[in-house]
Amino acid sequence: MDIAGGTRENEKQRMEAFSSRCRENGIKLTHQRREIFREILQSRDHPTVEEVFDRVRRRMPTLSKDTVYRTLWMLREMGLIGTVGYPYRSVHFDGNDRSHDHFLCTRCGGIVDLEIRGERAVPADLGDLGRVESTYVEYRGLCRTCMNTEKE
Ligand SMILES: [Zn+2]
Ligand SMILES: [Zn+2]
């Protein structure tokens, strides 16, 4: 059910989008910021700030958690990445820019991308409310691992 990871081409284009957004906003595109964005683009498990920090720090020991935090939220504000998860738990960052749904495990908090198959049935006419441009569904339940633990 997983959507295949982003292509190199997609990664290149999005890195270019990041650098032009930085230029527009007068933000310096440092090596650390690039590496943080690259990590998100290559992850498909919706990592938290802590997880991104742990992974990128392995190749950049001078990295601070504060830089990771600020860079991820900057990317989110620039519309280059998304966020997902329960509001009362850690925020998870999402580098998948293709339209997709999520399956959230209510026990372990795991989040998996689900491909949208076919056309989604949406109310054809919202009347005065406006116009639907996209939809997003969050499925909640127990993942296979948690189901197996429950059985034991
Ligand atoms: Zn689970
Ligand atoms: Zn996702």
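The model shown is predicted, which means the values in this text are computed figures rather than measured ones. Just so you know, these numbers use all the heavy atoms, side chains as well, and skip hydrogens, waters and symmetry mates. As the structure lists them, so they are numbered: ligands from 1, and atoms in each ligand from 1.
- No continuous path of hydrophobic side-chain contacts links Met147 to Leu104 [ILVMFWY only; heavy atoms under 4.5 Å].
- At a cut-off of 2.8 Å, measuring from the Zn ion (ligand 2), the protein N, O or S atoms that fall short of it are His46 NE2, Asp94 OD2, His100 NE2, His102 NE2, Asp113 OD1, waters left aside.
- Atom OG of residue Ser20 and atom CE of residue Met15 lie 12.0 Å apart, to the nearest 0.5 angstrom.
- Here the side chain of His100 pairs no donor or acceptor atom with the backbone of Asp113 at under 3.5 angstrom.
- Rounded to the nearest 0.5 angstrom, Ile36 CD1 and Arg70 CZ are separated by 9.0 Å.
- When all heavy atoms of Gly85 and Ile111 are compared, the pair lying nearest together is CA-CD1, 4.1 Å.
- With rounding to the nearest 0.5 Å, the separation of CZ in Arg76 from CD1 in Ile81 is 8.0 Å.
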Between Glu35 and Leu63, does a side-chain contact (heavy atoms from CB on, under 4.5 Å) hold up when you go through it step by step?
CA-CA 10 Å; Glu35 284 305 304; Leu63 187 72; over 6 Å; no
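- Heavy atoms from other residues, nucleotides or ligands lying under 6.0 Å from CZ of Phe103 number more than 12.
- Here Leu80 contributes atom CG and Phe93 contributes atom CZ; the two are 13.0 Å apart, rounded to the nearest 0.5 Å.
- With a cut-off of 2.8 Å, the protein N/O/S atoms near the Zn ion (ligand 1) add up to 4.
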